K.L.:
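Mind having a look at this structure? Questions to follow.
All of these numbers come straight from a predicted model, not from anything done at the bench. Every chain is numbered from 1 and lettered A, B, ... according to where its sequence line falls, protein lines coming before strand lines.
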Protein chains: 2
Amino acid sequence: MAKQVVPEPARRRRRPTQQGTVLSERLIVHTALRVLREHGSTGLTARRLGTALGADPSTLYRYFAGMDDLTRAIGEELMGRALDSWSAAGEWRADLRALGLAIHSSYLAHPQAAALTASRVTGRPREIAVDETILGILRTAGFPDVAAVRLYHAFIDLSLAFAALDAGALALAEEARTTDEEMWTSTYARLPAESYPHIAATARLLAARMPHSAYPVVLDTLLDNAAAQLVATRSAATTGDRSARPEAPPAGDS
Amino acid sequence: MAKQVVPEPARRRRRPTQQGTVLSERLIVHTALRVLREHGSTGLTARRLGTALGADPSTLYRYFAGMDDLTRAIGEELMGRALDSWSAAGEWRADLRALGLAIHSSYLAHPQAAALTASRVTGRPREIAVDETILGILRTAGFPDVAAVRLYHAFIDLSLAFAALDAGALALAEEARTTDEEMWTSTYARLPAESYPHIAATARLLAARMPHSAYPVVLDTLLDNAAAQLVATRSAATTGDRSARPEAPPAGDS
DNA sequence: TCCTTATGCCAACACAGTTGACCCTACCTG
DNA sequence: CAGGTAGGGTCAACTGTGTTGGCATAAGGA
């Protein structure tokens with residue numbers, strides 16, 4: 001039965017599949033990424049992945065508690081790759097910017113996988129490591145804890161949110177075998193100018209801009225703001241001023 | 001057969017269902033929202049929706065081309081509600097801020113539906129109307145077209161991205177029948193302090209902050225930045241200065 | 001060498017989206 | 001007011017999904 005998944009480090013025996021491949025968590029995740037790229041973000045199924053691995057679909061349940069668990073592992077892999085491709089230079093602003101772009105481009109390197117996973121928090125080790133890294137950068141830079149936490153929150157949510165959104169658009173375009181720009185051109189071009197004067201007036205600019213990500217612009221805006229805050233904090237520390245930005249309201253629900 | 005869906009305005013006859021209900025696009029979308037709230041973001045199925053409507057599942061295909069089409073209609077409904085709950089006051093910054101928050105809270109009012117739809121562009125009328133509105137606000141405020149388009153892009157993507165992310169977290173918490181704060185507390189509290197010193201040092205602050213949305217903070221940051229740009233543009237216009245911010249790089253892929 | 005058990009495979013389950021055929025009734029036309 | 005048309009509701013069936021219980025087997029420790 002597949003109720004209990006054996007944790008990866010405790011695995012000892014590796015019996016090869018009927019078709020000869022020797023399975024592992026790593027191999028499964030990597031193959032899943034390939035299947036996702038080839039068949040789209042909804043094309044990852046237990047049976048298809050089994051075939052791609054040369055194994056019975058049910059074998060997957062020896063490694064993951066279910067497809068949902070596998071999905072989280074894929075997200076964790078992308079986050080890990082981002083972290084691996086990044087290294088600290090010692091300057092907080094540049095480091096944060098590089099880390100954000102690393103996360104963003106790691107996800108966009110696998111748009112179908114990203115569309116599937118980026119809006120989920122996995123709580124797995126490499127993801128936690130990223131959180132720790134960001135907080136470390138901010139606190140070391142001199143941000144007081146409250147500000148560091150607020151910035152960390154904005155930073156990570158912003159990065160993940162844009163990764164999900166941009167990946168979704170990119171995956172859609174790839175699956176439609178067209179460029180993003182063509183898509184946006186046709187979207188805006190067919191609108192009647194009398195009903196949508198502003199869109200009509202800027203249609204060409206829109207088609208040129210939409211296929212690019214707004215993430216760098218927004219990220220820089222956030223970092224500019226943070227830098228200004230830091231300066232204010234430093235000068236306030238010498239005069240004893242303790243004013244802070246007003247808190248944001250909680251996310252509403254009804 | 002269900003190959004061709006009859007467009008809504010062209011519908012004439014409304015035969016009641018065996019159980020007596022008279023279907024319509026509106027009724028189906030509204031019922032879908034209820035089903036989503038009750039059964040979670042993955043709980044919307046053709047059969048379940050059929051039962052909730054008192055109709056055969058296959059009847060849905062008389063109104064929508066498929067579950068995917070229905071999903072887009074749900075997203076369109078949420079966007080429409082945001083637009084309806086908003087009204088222009090005439091001041092661009094306040095208007096944009098209100099519109100952003102309206103979109104965000106309209107989606108968060110139905111977290112399960114939002115998690116399902118917010119990362120998709122529908123291209124339907126009400127969504128286009130929102131685009132036109134945003135561009136109108138910016139251009140009327142005096143932003144040159146290039147800046148208006150860049151801001152529009154950042155604004156709408158930011159809002160949708162956060163709607164998707166926050167809705168996902170909220171839906172997860174609701175389905176786990178727990179508060180977000182409990183979730184985050186348990187997530188951070190069980191980490192060893194020696195491996196994650198920065199998280200450990202700020203655990204209580206994190207648990208208090210994470211259940212709130214970072215969207216208002218980031219949105220305000222973006223609008224601050226835009227306001228500063230506008231002032232610079234105006235003074236530049238009098239001196240003939242035409243310097244602009246450097247362009248953002250395109251979204252990478254590999 | 002033998003024993004244990006991790007791990008692969010098979011068959012089967014419930015449930016998903018979707019379609020084709022059928023039929024009935026609401027409405028338009030005369 | 002009668003008749004014809006077709007919109008739209010229903011039924012049954014198809015394929016494909018995630019998932020599980022039972023079984024077989026070979027890897028590795030003793």
Side-chain angles (χ1 to χ4, degrees), chain A residues 1-28 31-32 35-36 38-74 116-117, chain B residues 1-28 31-32 35-36 39-74 116:
Chain A
M1 240 276 303
K3 271 283 181 237
Q4 211 66 0
V5 173
V6 174
E8 186 69 5
R11 288 186 184 278
R12 290 178 302 167
R13 305 176 238 189
R14 295 295 167 80
R15 173 143 64 129
T17 265
Q18 270 189 346
Q19 303 188 26
T21 49
V22 176
L23 296 180
S24 69
E25 234 176 67
R26 257 184 66 88
L27 178 63
I28 294 176
T31 309
V35 170
L36 276 168
E38 285 167 9
H39 293 88
S41 52
T42 61
L44 180 68
T45 72
R47 291 173 220 274
R48 184 130 56 194
L49 181 53
T51 310
L53 284 163
D56 189 88
S58 65
T59 310
L60 297 172
Y61 291 83
R62 301 282 182 203
Y63 293 84
F64 300 96
M67 290 305 277
D68 193 78
D69 192 32
L70 171 60
T71 297
R72 279 201 303 276
I74 294 172
L116 200 61
T117 67
Chain B
M1 241 279 302
K3 272 281 179 231
Q4 210 66 1
V5 173
V6 174
E8 186 68 7
R11 290 187 184 276
R12 289 177 304 168
R13 304 177 238 190
R14 294 293 164 84
R15 174 148 62 129
T17 262
Q18 269 188 350
Q19 302 186 27
T21 48
V22 175
L23 297 180
S24 70
E25 233 175 69
R26 257 183 68 88
L27 179 63
I28 294 176
T31 308
V35 170
L36 276 168
H39 293 88
S41 52
T42 62
L44 181 68
T45 71
R47 290 171 221 271
R48 184 129 59 195
L49 182 53
T51 309
L53 284 164
D56 189 88
S58 64
T59 312
L60 298 172
Y61 291 83
R62 302 281 182 205
Y63 291 83
F64 300 96
M67 289 305 276
D68 193 79
D69 191 33
L70 170 59
T71 298
R72 278 200 303 277
I74 293 171
L116 200 62

K.L.:
Which parts of nucleotides 11-16 of chain D does protein reach within less than 4.0 Å, heavy atoms only, written one letter per nucleotide 5' to 3' as B for base, S for sugar-phosphate only and - for none?
P.N.:
B-----
K.L.:
Over how many whole Å does the gap from B/Arg62 atom CZ to C/dT25 atom P extend?
P.N.:
16 Å
K.L.:
Side chains of A/Met67 and A/Leu44: closer than 4.5 Å at any heavy-atom pair?
P.N.:
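Side chain of A/Met67 against side chain of A/Leu44, heavy atoms only: contact under 4.5 Å found.
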K.L.:
In this structure, how many angstroms lie between the C1' atom of D/dT17 and the CG atom of A/Asp68, rounded?
P.N.:
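About 15 Å, once rounded to whole Å.
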K.L.:
What integer distance in Å separates B/Leu27:CG from D/dG8:P?
P.N.:
14 Å
K.L.:
List the atom of A/Ala32, the atom of A/Ile74, and the distance in Å for their closest heavy-atom pair.
P.N.:
CB-CD1, 3.8 Å
K.L.:
Let me know the distance between CG of B/Leu53 and P of D/dG9, rounded to the nearest Å.
P.N.:
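It works out to 10 Å between those atoms.
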K.L.:
Among all residues two or more places apart in sequence or in another chain, which pass the salt bridge (charged side-chain N to carboxylate O under 4.0 Å, His left out) test with A/Glu38?
P.N.:
A/Arg34
K.L.:
Looking at the side chain of B/Tyr61, which of C/dG17, D/dG18, D/dT10 is the nearest nucleotide?
P.N.:
C/dG17
K.L.:
To the nearest angstrom, how far is A/His39 atom NE2 from D/dT17 atom P?
P.N.:
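Going from NE2 in A/His39 over to P in D/dT17 covers 10 Å.
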K.L.:
For a quick test of your reading: what N or O donor-acceptor pairs under 3.5 Å do the side chains of residues 48-57 of chain A make, sequence neighbours left out?
P.N.:
{"residue": "A/Arg48", "atom": "NE", "partner": "A/Gly43", "partner atom": "O", "Å": "3.0"}
{"residue": "A/Arg48", "atom": "NH2", "partner": "A/Gly43", "partner atom": "O", "Å": "3.2"}
{"residue": "A/Thr51", "atom": "OG1", "partner": "A/Arg47", "partner atom": "O", "Å": "2.9"}
{"residue": "A/Asp56", "atom": "OD2", "partner": "A/Ser58", "partner atom": "N", "Å": "2.9"}
{"residue": "A/Asp56", "atom": "OD2", "partner": "A/Ser58", "partner atom": "OG", "Å": "2.6"}

K.L.:
Does A/Tyr63 put a side-chain nitrogen or oxygen below 4.0 Å from OP1 or OP2 of C/dG8?
P.N.:
yes
K.L.:
What's the spacing between B/Leu36 CG and B/Leu116 CG if we round to 0.5 Å?
P.N.:
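Interatomic distance, B/Leu36 CG to B/Leu116 CG, rounded to 0.5 Å: 6.0 Å.
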K.L.:
What is the distance, rounded to the nearest whole Å, between atom CG of B/Leu23 and atom P of C/dA26?
P.N.:
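Checked: the CG to P distance equals 14 Å.
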K.L.:
State which residues pass side-chain hydrogen bond (donor to acceptor under 3.5 Å, both in side chains) with B/Asp69; sequence neighbours excluded, sorted by chain then number.
P.N.:
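side-chain hydrogen bond (donor to acceptor under 3.5 Å, both in side chains) list for B/Asp69, sorted by chain: B/Arg72.
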K.L.:
Tell me: CG of A/Leu60 to P of C/dC10, nearest whole Å?
P.N.:
14 Å
K.L.:
Rounding to a whole Å, what distance do you find between B/Glu25:CD and D/dG9:P?
P.N.:
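Answer to the nearest Å: 13 Å.
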K.L.:
Taking the side chain as every heavy atom from C-beta outward, state whether B/Val35 and B/Thr45 have any pair of such atoms under 4.5 Å apart.
P.N.:
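Counting from C-beta outward, B/Val35 and B/Thr45 never come under 4.5 Å.
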K.L.:
Which nucleotide sits closest to the side chain of B/Met67: D/dG9, D/dG22, C/dT18?
P.N.:
C/dT18
K.L.:
Regarding A/Leu44, tell me which of base, sugar-phosphate or nothing describes its non-hydrogen contacts under 4.0 Å with the strands shown.
P.N.:
sugar-phosphate
